[in-house]
Amino acid sequence: MAAMATVVRATVYDRRSPDWTALEAELTRLAWLHDHRDGGQLARLNEHGAASIDPALRQTIAMALEVAAATDGAFDPTVLPLTELWQFDSGGVLPPEPALAAATEQVAWQRVTLTASAAQLSEGTRLDLGAVAKGAVVDRLGDWLEARGIGVYLLEAGGDLLVAGQKPDRSPWRVWVRHPRDSAAPLTVLEVRPGDGRLGVVTSGDYERGLEVDGVRYHHILDPRTGYPAHPMVSVTVLAASAAAADAYATALFVLGPEQARQVARGSAVDAQLVWPADDGVGLQAWRTAGMEAVGGRLNLN
Ligand code: AMP
Ligand code: MG
């Protein structure tokens, strides 16, 4: 299935198969809700500053605001004024410094208000849910499958995974994490067992999207404080109870950098693997929470 400029894959382990056409229709609906471009609910909210919103979109925004608060705005769903300047979706441009400085003033998650069925934005505030949309959409597709009695499945949207239940052969779910500097090799392989529940597994990497200007590479994960790509992280993988939370935290920990990310990861309910360049500039170094160490295979840091 295609949505959100990526491929969405669903694998179910069940005697019955779901109605794939209905599942795809649900995917299309959810992707449209979370898209700030194509005239969907999010686009309308950005345009008018207030709108009633679908429960699924409300749930995503509420979770995004929680992670923004927990990470002191390192993850901030109101980054649209910045991401519009960088235009990473269409190849990217290096924006002029004053424009970036002005846009950082408009990025403030505290200016979003949610009520039971509506959202309101302060003047100039606009949402870009790109950092959580894929995770949020697979979470809701997981709800859709579970409401139809299917509890063992894998959902994937552009590298964002949601795995649920135990496979019939009782083997763990094996997840390849891409090496940030070698797309053909794994950085590591995780073996996860969500038991009766579900687990989100998401990686944010500096290799995903970006542009190069005068030999300098600018990637798509921005530090809302500066308006520029966050340094020095290159790859962050997060395990969380939902794919949306894993997605938001992967972006947040990437922005925070190794020191602060370690503190936030220790104080939160997520497990994380952080990878950044080695001090001598050759190769990479890594840090993992205990829970990540327990499921993570050998790391290839060369
Ligand atoms: P991800 O690939 O999940 O890390 O998400 C990256 C996307 O999220 C970017 O393409 C932007 O649209 C958006 N984004 C970039 N930086 C941030 C940030 N600090 N907080 C929230 N969203 C961001
Ligand atoms: Mg993310």
Side-chain angles (χ1 to χ4, degrees), residues 4-5 34-38 42-43 45-49 61 64-65 67-112 121-134 158 180-181 203-236 247-264 274-279 281 284:
M4 302 175 287
H34 289 82
D35 192 334
H36 61 82
R37 280 160 304 231
D38 288 336
L42 188 58
L45 173 61
N46 281 336
E47 193 182 332
H48 300 297
I61 296 173
L65 295 175
V67 179
T71 63
D72 202 15
F75 168 85
D76 192 319
T78 65
V79 288
L80 188 59
L82 281 174
T83 53
E84 270 180 354
L85 288 173
W86 285 94
Q87 298 174 36
F88 289 113
D89 292 338
S90 47
V93 292
L94 176 57
E97 156 75 39
L100 285 175
T104 57
E105 300 293 320
Q106 290 177 281
V107 178
W109 59 271
Q110 299 90 337
R111 299 183 195 150
V112 183
L121 311 175
S122 300
E123 177 78 33
T125 304
R126 285 173 308 131
L127 293 165
D128 171 357
L129 297 177
V132 282
K134 289 188 296 240
R181 300 291 174 256
T203 299
S204 276
D206 69 349
Y207 46 82
E208 287 169 47
R209 267 178 289 155
L211 72 151
E212 202 172 300
V213 181
D214 297 333
V216 180
R217 200 184 129 73
Y218 299 87
H219 62 75
H220 72 306
I221 303 170
L222 302 173
D223 185 334
R225 294 162 293 195
T226 65
Y228 283 92
H231 286 287
M233 220 70 103
V234 296
S235 169
V236 173
D247 206 353
Y249 269 99
T251 305
L253 300 182
F254 193 107
V255 170
L256 285 169
E259 298 308 321
Q260 279 183 293
R262 259 181 269 210
Q263 284 176 20
V264 170
L274 316 174
V275 178
W276 67 101
D279 294 334
L284 302 168

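- Applying the salt bridge (Lys or Arg N to Asp or Glu O under 4.0 Å) definition to pairs two or more places apart or across chains, those involving residues 81-91 are Arg37-Asp89, Glu84-Arg126, Asp89-Arg209.
- Here Phe254 contributes atom CZ and Ser235 contributes atom OG; the two are 8.0 Å apart, rounded to the nearest 0.5 Å.
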(request) Start with the C-alpha distance between Asn46 and Leu127, add both sets of side-chain angles, then the distance that settles side chain to side chain contact (heavy atoms under 4.5 Å, CB included), and finish with yes or no. (result) CA-CA 7 Å; Asn46 281 336; Leu127 293 165; 3.8 Å; yes

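- With sequence neighbours excluded, the residues that form a side-chain contact (heavy atoms from CB on, under 4.5 Å) with Val213 are Leu94, Leu211, Tyr218.
- What you find for Ala248 and Phe75 is that their closest heavy atoms are O-CD1, 3.7 Å.
- Between the side chain of Gln106 and the backbone N or O of Gly124, at least one donor-acceptor pair lies under 3.5 Å.
- Every residue meeting the side-chain contact (heavy atoms from CB on, under 4.5 Å) condition with Ala99, not counting sequence neighbours, appears here in chain and number order: Leu85, Pro96.
- In this structure a side-chain-to-backbone donor-acceptor pair under 3.5 Å is present from Trp86 to Gly227.
- Nearest approach of Pro277 to Pro232, heavy atoms of both residues: CD-O, 3.2 Å.
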(request) Dump the intermediate steps for side chain to side chain contact (heavy atoms under 4.5 Å, CB included) on Met233 and Leu274, then the final yes or no. (result) CA-CA 7 Å; Met233 220 70 103; Leu274 316 174; 4.1 Å; yes

(request) Assess whether side chain to side chain contact (heavy atoms under 4.5 Å, CB included) is satisfied between Arg181 and Val234, documenting all intermediate values. (result) CA-CA 9 Å; Arg181 300 291 174 256; Val234 296; 3.0 Å; yes

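- Taken from CG in Asp35 to CG in Leu42, the straight-line distance is 7.5 Å, to the nearest 0.5 Å.
- The minimum heavy-atom distance between Leu284 and Pro180, with the atom names listed, is CD1-CG, 3.8 Å.
- Under the rule for a side-chain contact (heavy atoms from CB on, under 4.5 Å), Asp72 has no partner lying at least two apart in sequence or in another chain.
- The closest donor-acceptor contact from the side chain of Asp128 to the backbone of Val79 lies at 3.5 Å or more, if one exists at all.
- Taken to the nearest 0.5 Å, the OH atom of Tyr228 stands 13.5 Å off from the NE2 atom of His219.
- Scanning both residues, Ala74 and Ala252, for their nearest heavy atoms gives CB-O, 3.8 Å.
- At distances below 3.5 Å, at least one donor-acceptor pair connects side-chain atoms of Glu208 with backbone N or O atoms of Gly205.
- When all heavy atoms of Ala68 and Trp109 are compared, the pair lying nearest together is CB-CG, 3.5 Å.
- Applying the salt bridge (charged side-chain N to carboxylate O under 4.0 Å, His left out) criterion to Asp76, with sequence neighbours excluded, gives no partner residue.
- With values rounded to the nearest 0.5 angstrom, Tyr249 atom OH is found 10.0 Å from Leu256 atom CG.
- Taking both residues in full, the closest heavy atoms of Leu222 and Pro229 are given as CD2-N, 3.7 Å, listed atom of the first, atom of the second, then distance.
- With respect to Val236, the side chain to side chain contact (heavy atoms under 4.5 Å, CB included) criterion is satisfied by exactly one of Val255, Val275, Leu253, Ile221: Leu253.
- For residues 251-262, every residue pair satisfying the salt bridge (Lys or Arg N to Asp or Glu O under 4.0 Å) rule, not counting sequence neighbours, is listed here: Glu259-Arg262.
- The backbone N or O of Ala108 sits less than 3.5 Å from a side-chain atom of Thr78, completing a donor-acceptor pair.
- Contact check for Leu82 versus Leu100: side-chain heavy atoms found under the 4.5 Å cut-off.
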